[in-house]
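Throughout, protein chains are lettered first and strands after them, A, B, ... in sequence-line order, and every chain is numbered starting at 1. These figures come from a predicted structure and were not determined experimentally.
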Amino acid sequence: MTKTQETELMEMAKRRGFIWPSFEIYGGAAGFYDFGPLGSAMKNNIIKKWRDIYVCGEGFLEIDSPTLTPHEVLKASGHVDHFTDAMVECKKCGSAFKATDLIKDKTGQDVEGLGKEKMQEVIKQDGIRCPDCAGEFGEVFDFNAMFKTAIGPGSKRVGYLRPETAQGIFIDFKRLFRHARGKLPMGVVQIGKGYRNEISPRQGMIRLREFTMAEAEVFFDPEDPKHPKFSDVAHDHLNLWLSKDQIAGNEKLTEVVAETAVDKKTICNEIMAYYLALTQRFLLGIGIPPAAIRFREQNPRQRAHYSSETWDAEILTERFGWVEVTGLAYRSDYDLVSHAKASGEDLSAFIEEKKKKVVCHVIEPSYGIDRPFYCVLEHSYTTDGKRKILKLKKDLAPVKVGVFPLLNKDGLPEKAIEVEKALKADCLAAEYDASGTVGRRYSRADEIGTPYCVTVDHQTLQDLTVTIRDRDSTKQVRVEVHELPCILKSLLRDEIPFEKAGKPI
RNA sequence: GCGGCCGUGGUCCAGCCUGGUAAGACCCGAGCUUCCCAAGCUCGUGACGCGGGUCCGAAUCCCGCCGGCCGCACCA
């Protein structure tokens with residue numbers, strides 16, 4: 001994809017209603033995007049695909065909990081204290097620094113977790129000044145990336161917009177475990193909005209202040225980190241970017257099969273490896289090419305406060321380089337222990353076979369939806385010659401079939417509208433278009449990735465047949481109208497090859 | 001937050017320096033034409049980010065704000 005194509009793609013995305021800048025008529029706001037009608041449909045299709053894997057395929061339980069969360073919850077989870085950076089600002093030039101990094105650079109001292117007062121003291125004692133302009137620093141302050149609000153009118157009860165959906169799942173652990181009738185491993189998912197008050201959002205859809213996440217929490221017995229279906233993925237190839245290679249400044253990827261990665265302890269256990277493989281399958285499923293997928297091992301300094309091993313799935317993009325789209329974190333028993341302690345509830349699980357209680361460990365595959373959405377657009381957009389085609393996977397396409405009258409006369413439009421109605425009645429996302437010429441309509445359909453177009457012509461009036469045109473090849477077949485919904489559905493599910501769908505033209 | 005650049009119909013932009021109410025391309029809509037891949041013709045809708053200032057008069061000059069892009073920093 002060239003620079004021109006990138007620009008064209010973003011133009012198209014705006015023009016055709018995939019994404020729009022939010023709050024536009026009031027001047028806009030950084031870090032927020034609206035999904036237009038097509039974007040909304042495509043986003044739902046991505047979510048559906050994810051749900052098919054996790055809820056349908058893996059049998060995970062889905063819940064939906066509030067985005068607004070009381071202080072105690074996020075205090076217990078560590079977010080109030082750790083979802084934050086101690087920052088200092090230069091009083092002269094305004095440059096902002098993370099206090100811990102600044103002190104480490106200047107003095108070698110590790111003041112991580114020592115509190116603002118201590119950091120303030122070190123900065124003062126050692127006379128640390130602004131590396132940019134040698135100016136004096138102001139007070140050390142915490143910048144917490146959570147949006148804070150008050151629950152109830154005039155209330156002193158503090159709440160936050162959740163920074164992740166995961167906490168809602170941990171909170172419900174007792175009920176969920178009972179619902180699952182005490183079976184481990186137990187998987188739970190939640191899809192919804194999360195919020196992070198980024199200091200300076202950039203890069204379009206890549207850094208948002210409000211975004212949709214799809215998170216899964218896998219609860220398991222730490223003494224038994226086996227996955228019952230591991231053999232299904234044992235031979236999946238994974239491209240790993242190991243922490244040691246990153247530190248050495250080496251871009252090299254290590255290709256392994258899931259099984260070997262576990263045997264060699266490159267990946268901590270079967271469960272983690274299983275979900276890396278599943279993540280890769282999901283990304284391939286939405287149309288990301290294998291060579292554009294890698295798994296980056298986070299080094300200890302990068303990991304979140306709750307994690308002991310984390311793998312990020314990354315997608316290579318032309319515009320932003322490698323983009324993190326999924327984080328797979330080993331959260332151990334951190335959350336359950338924290339919430340048990342803070343709430344006074346027993347959040348352990350009784351394991352029948354062992355006749356004892358254990359606190360489950362958790363592996364969390366956490367997916368962003370907006371970032372893959374962008375990546376899908378970028379990887380799908382092609383221009384060959386004069387044609388511009390969004391080569392979306394059929395199940396992601398916001399419109400499945402365009403319905404056109406070949407000409408706007410002789411009763412063809414009326415007949416085409418009938419066809420469109422019939423398809424819609426069959427729950428196919430069909431769209432009637434009669435403007436301009438048929439060529440223009442094909443072109444418009446290609447631009448938004450509509451896989452098939454049906455055209456009603458004069459022959460239709462005689463023998464009740466229509467043509468179906470394939471997006472990628474522009475080839476056509478002729479089929480009987482009454483078979484149309486059925487044939488289109490088969491085509492959309494890739495059950496029959498296009499040439500076999502009807503009489504080739 | 002800082003520095004540089006920028007903000008004009010749906011989209012991309014010209015005009016700004018040298019103030020005198022805005023042009024083009026594409027798109028979109030109506031019609032003509034048209035028996036299958038953005039043809040052509042006619043007509044049409046539609047814009048100066050917000051606020052203030054200077055001026056007889058501001059898209060244009062000045063100030064403030066908001067937004068965007070790039071770089072720095074940040075990204076648990």
Q) If you measure from the C1' atom in B:C12 to the same atom in B:G46, how many Å do you get, rounded? A)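 Straight-line distance between the two C1' atoms is 16 Å.
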
Using atom P in both nucleotides, what's the gap between B:G4 and B:C65 to the nearest angstrom? 14 Å

Among the candidates [options], find the nucleotide nearest to the side-chain atoms of [X].
X	options	answer
A:Arg15	B:G68, B:C27, B:C36	B:C27
A:Ala30	B:G67, B:C37, B:G29	B:G67
A:Thr474	B:G29, B:C37, B:C36	B:C37

Tested for side chain to side chain donor-acceptor pair (under 3.5 Å) against A:Arg162, the lone hit among A:His79, A:Gln167, A:Gln190 is A:Gln190

[X] side chain near [N] phosphate (N/O to OP1/OP2, under 4.0 Å):
X	N	answer
A:Arg440	B:C36	no
A:Ser443	B:C37	no
A:Thr7	B:C12	no

Smallest heavy-atom separation, A:Arg296 atom then A:Glu314 atom, equals NE-OE2, 3.1 Å

Would you call the rings of A:Phe219 and A:Phe173 parallel, tilted or perpendicular if under 30° counts as parallel and over 60° as perpendicular?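 A:Phe219 vs A:Phe173 ring planes: tilted.
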
Looking at A:Lys415 and A:Glu418, does any basic side-chain N land under 4.0 Å from a carboxylate oxygen?
yes

**OP:** Using a strict 4.0 Å threshold on nitrogen-to-oxygen distance, state whether A:Arg331 and A:Glu309 make a salt bridge.
**Re:**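 No.
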
**Asked** Can you name the one residue among A:Arg469, A:Arg16, A:Lys386, A:Arg440 that meets salt bridge (charged side-chain N to carboxylate O under 4.0 Å, His left out) with A:Asp446?
**Response**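 It is A:Arg469, the one option of A:Arg469, A:Arg16, A:Lys386, A:Arg440 that forms the salt bridge (charged side-chain N to carboxylate O under 4.0 Å, His left out) with A:Asp446.
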
(Q) Could you tell me if A:Lys148 sits above the aromatic ring of A:Tyr160, with its cationic atom closer than 6.0 Å to the ring centre and no more than 45 degrees from the axis? (A)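 Verdict for A:Tyr160: no cation-pi partner in A:Lys148.
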
Under the rule of Watson-Crick or G-U wobble with both distances under 3.5 Å, where | means paired to another strand and [ ] a crossing pair, RNA chain B maps to (((((((..(((.......[...))).(((((.......)))))....(((((..]....))))))))))))....

Residues of residues 401-422 of chain A with a heavy atom under 4.0 Å from any atom of RNA chain B, listed by number, are A:Leu406, A:Leu407, A:Asn408, A:Lys409

Establish, from distance only, whether the side-chain atoms of A:Ser338 and A:Asp335 form a donor-acceptor pair under 3.5 Å.
no

